[in-house]
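Worksheet: one structure, shown below.
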Amino acid sequence: MRRLRWYWGALVLTCVALLVGFFVFFGSESRTGRPQPRQGPPGTGPLTVVAMGDSTVSGEGAGQYTATTNGQGGNWCHRSPNAFVDKIATPGITAHVNLACSGAPAEQVALGDVKQWTEGSQAQQLAALVKDHRVAAVVIAVGANDEPKFSNQVTDCFKAWFNPGGPPCSTALKQSWQSKVDAMVPKVAKAVLDVKKVLAQAGYVPADYQLILQSYAAPIGPDLPEDLRSLNGCPFRVEDLRWISQTGIGILSGGLKTAARETGARFLDLAKAGVKHEACSGGANPATEWFTRLTLQLADLGQADRAGHALQESFHPNAAGHAAIANCLTEFIAAQDGNASCLAGADGKLHAAPEVVAR
């Protein structure tokens with residue numbers, strides 16, 4: 001009888017152990033047998049959207065730069081509270097962090113030792129950020145400062161305007177632009193992959209966050225008053241303005257879309273985001289423009305450490321441009337998947353128009 005009780009007791013203990021094991025292995029699954037989805041990003045801290053990249057992200061041209069990035073100690077990253085990342089209004093996201101730096105190449109966004117205006121790797125800065133923030137979305141715009149060196153090309157076009165007897169800058173660009181963009185793609189892809197690596201090392205899985213690579217908007221276009229095609233606003237030849245806005249910016253977007261596809265990032269195309277709002281397009285009413293005209297900070301010319309940056313704001317999205325981009329990005333993040341283009345709607349705002357996938 002005693003032996004029988006012992007067998008019954010052992011059987012009960014075995015059943016309890018099996019039940020405990022069952023709930024340990026299957027307690028996180030629903031009644032359908034499927035695992036319950038993770039409840040957002042891991043870690044602690046506020047739900048956060050992070051912006052990384054170059055001047056089009058930092059807020060160059062949007063004004064009111066933070067003191068520490070407005071020349072202090074040699075830091076000219078020009079981060080502005082008017083930048084689009086601070087204007088994104090996504091439910092649940094309560095923190096907005098801008099790691100971008102004016103002039104940044106892809107190598108400074110990636111992991112490594114490359115610095116931009118005294119600041120180290122943006123990916124490494126992200127690694128520090130995730131210790132006390134829960135990242136829901138990362139928006140990256142980078143590449144124009146790599147092989148295409150877009151600002152250098154704009155400078156060449158500026159020089160061509162000064163030399164009306166010489167060839168337009170677009171003559172040379174037509175021959176080399178595609179190869180320059182092709183050389184840029186792997187650099188951008190590495191930067192994006194390093195961002196993914198940082199988040200993976202912090203315990204993130206792809207479903208925890210959105211990774212967005214966006215392209216560039218054309219800051220200037222051919223449709224502007226003749227009197228502003230000068231040092232008063234936009235000193236460029238019409239044929240060069242036309243090529244940049246209608247061809248060059250599209251090729252650049254195509255390269256960035258390739259980088260997004262190779263890295264599994266969502267792609268947001270801004271190539272046509274500035275149409276009818278380019279620098280100088282407003283004529284006598286610059287309030288309608290989303291990009292800065294030729295901008296010279298006269299006060300900086302009298303200071304040796306600032307004189308070289310007096311033109312830095314020229315032909316970048318202004319505060320109104322960043323607000324427009326933020327509206328498009330807010331919609332894009334809310335959509336959660338797929339690619340899109342930022343296009344102006346009937347209400348005059350930029351909206352995320354989903355990419356139509358051919359079947």
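When atom types are taken as modelled, the side chain of Arg266 and the backbone of Asn339 share no donor-acceptor pair closer than 3.5 angstrom. Although no hydrogens or angles enter the test, the distance criterion places a donor-acceptor pair under 3.5 Å between the side chain of Trp161 and the main chain of Arg229. Remark: side-chain polar atoms of Ser341 are not paired, donor with acceptor, to backbone N or O of Ala353 under 3.5 angstrom. Lys196 places a side-chain N or O within donor-acceptor distance of the main-chain N or O of Thr263, the cut-off being under 3.5 Å. A donor-acceptor pair is defined here as one N or O able to donate and one able to accept, closer than 3.5 Å; such a pair exists between the side chain of Asn98 and the backbone of Ser58. Distance alone, capped at 3.5 Å, is enough to place a donor-acceptor pair between the Gln125 side chain and the Gly120 backbone. Formation of a donor-acceptor pair under 3.5 Å by the Ser55 side chain with backbone atoms of Gly103 is not found in this model.
In this structure, Thr94 OG1 and His96 NE2 are separated by 8.0 Å, a value rounded to the nearest 0.5 Å. How far CG of Asp300 is from CG of Leu311: 10.0 Å, rounded to the nearest 0.5 Å. Taken to the nearest 0.5 Å, the OG1 atom of Thr118 stands 4.0 Å off from the CG atom of Asn75. Going from atom CD1 of Ile220 over to atom CD of Glu289 covers 12.0 Å, rounded to the nearest 0.5 Å. A distance of 7.5 Å separates NE2 of His316 from CG of Asp54, quoted to the nearest 0.5 Å. Here the straight-line distance linking atom CG of Leu329 with atom CG of Leu270 works out to 7.5 Å at 0.5 Å rounding.
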I would like to know whether Ile140 and Gln122 meet side chain to side chain contact (heavy atoms under 4.5 Å, CB included); could you show each step before the answer?
CA-CA 11 Å; Ile140 305 171; Gln122 291 181 35; over 6 Å; no
Can you check side chain to side chain contact (heavy atoms under 4.5 Å, CB included) on Leu211 and Leu199, steps first, answer last?
CA-CA 11 Å; Leu211 182 61; Leu199 292 172; 5.7 Å; no
Apply side chain to side chain contact (heavy atoms under 4.5 Å, CB included) to the pair His78 and Asn70, showing each step before the final yes or no.
CA-CA 5 Å; His78 268 182; Asn70 192 24; 2.8 Å; yes
Assess whether side chain to side chain donor-acceptor pair (under 3.5 Å) is satisfied between Arg293 and Asn318, documenting all intermediate values.
CA-CA 10 Å; Arg293 300 179 178 187; Asn318 57 25; over 6 Å; no
Evaluate side chain to side chain contact (heavy atoms under 4.5 Å, CB included) for Leu294 paired with Leu231, printing each intermediate quantity in order.
CA-CA 7 Å; Leu294 181 65; Leu231 292 176; 4.1 Å; yes
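No side-chain heavy atom of Val142 sits under 4.5 Å from any side-chain heavy atom of Met52. Counting only heavy atoms from C-beta outward, the side chains of Trp177 and Thr247 never approach each other to under 4.5 Å. A 4.5 Å side-chain heavy-atom check between Ser281 and Lys276 finds every atom pair outside the cut-off. Within the 4.5 Å cutoff, the side chain of Val181 has no heavy atoms near those of the Glu147 side chain. Contact of the Gln64 side chain with the Asn82 side chain is registered, since non-hydrogen atoms from C-beta on lie closer than 4.5 Å. By the 4.5 Å heavy-atom criterion applied to side chains, Val49 and Thr90 are not counted as neighbours. Two residues are said to be in side-chain contact when any heavy atoms from C-beta on lie closer than 4.5 Å; Val130 and Tyr209 fail this criterion. Leu256 is listed as a side-chain neighbour of Met184, based on a closest heavy-atom distance under 4.5 Å.
In this structure, Phe84 and His322 have parallel ring planes: the angle between them is below the 30° cut-off, well short of the 60° mark. Ring geometry, Trp76 versus His309: the interplanar angle falls under 30°, so the pair is classed parallel (tilted spans 30 to 60°).
A side-chain donor-acceptor contact under 3.5 Å links Ser215 and Asp269. For the 3.5 Å distance criterion, the side chains of Ser102 and Glu60 qualify, holding a donor opposite an acceptor. Between the side chains of Ser170 and Asp240, a donor-acceptor pair is found at a separation under 3.5 Å. For Arg237 and Asn163, the side-chain atoms include no donor-acceptor pair closer than 3.5 Å.
A salt bridge does not link Arg242 with Glu239: none of the charged nitrogens is closer than 4.0 Å to a carboxylate oxygen. A salt bridge links Lys257 and Glu355; the closest N-O separation between the charged side-chain nitrogens and carboxylate oxygens is under 4.0 Å.
For Phe315 and Phe158, the ring centers sit 6.0 Å or farther from each other.
Heavy atoms of other residues, nucleotides or ligands lying less than 6.0 angstrom from CD of Glu313 number more than 12. No more than 12 heavy-atom neighbours from other residues, nucleotides or ligands sit within 6.0 angstrom of CG on Asp113.
At a threshold of 4.5 Å between side-chain heavy atoms, the hydrophobic network of Ile, Leu, Val, Met, Phe, Trp and Tyr places Phe291 and Leu252 in two separate groups. The cluster map of Ile, Leu, Val, Met, Phe, Trp and Tyr, joined by side-chain heavy atoms under 4.5 Å apart, puts Leu99 and Val109 in the same cluster. Hydrophobic clustering places Ile93 together with Val57 (ILVMFWY residues linked when any side-chain heavy atoms are closer than 4.5 Å, directly or through intermediates). Tyr65 and Leu296 fall into different hydrophobic clusters, where Ile, Leu, Val, Met, Phe, Trp and Tyr residues are linked whenever their side-chain heavy atoms come under 4.5 Å apart, directly or through other members. Note: the hydrophobic cluster containing Val198 also contains Tyr204 (ILVMFWY, side chain heavy atoms under 4.5 Å, direct or indirect links).
In plain terms, the two heavy atoms of Leu111 and Ala123 that are nearest each other are CD2-CB, 3.7 Å. Residues Cys157 and Leu173 come closest through the heavy atom pair SG-CD1, 4.4 Å. Contact record, Ser80 with Gly59: CB-O, 3.7 Å, taken as the closest heavy-atom pair. Minimum heavy-atom separation, Glu119 to Gln108: O-NE2, 3.4 Å. In plain terms, the two heavy atoms of Ala218 and Ile249 that are nearest each other are N-CG1, 3.9 Å. Considering all non-hydrogen atoms of both residues, Ser253 and Tyr216 come closest at OG-O, 4.3 Å.
Scored by the side-chain contact (heavy atoms from CB on, under 4.5 Å) test, Thr155 finds Lys159 as partners (sequence neighbours excluded).
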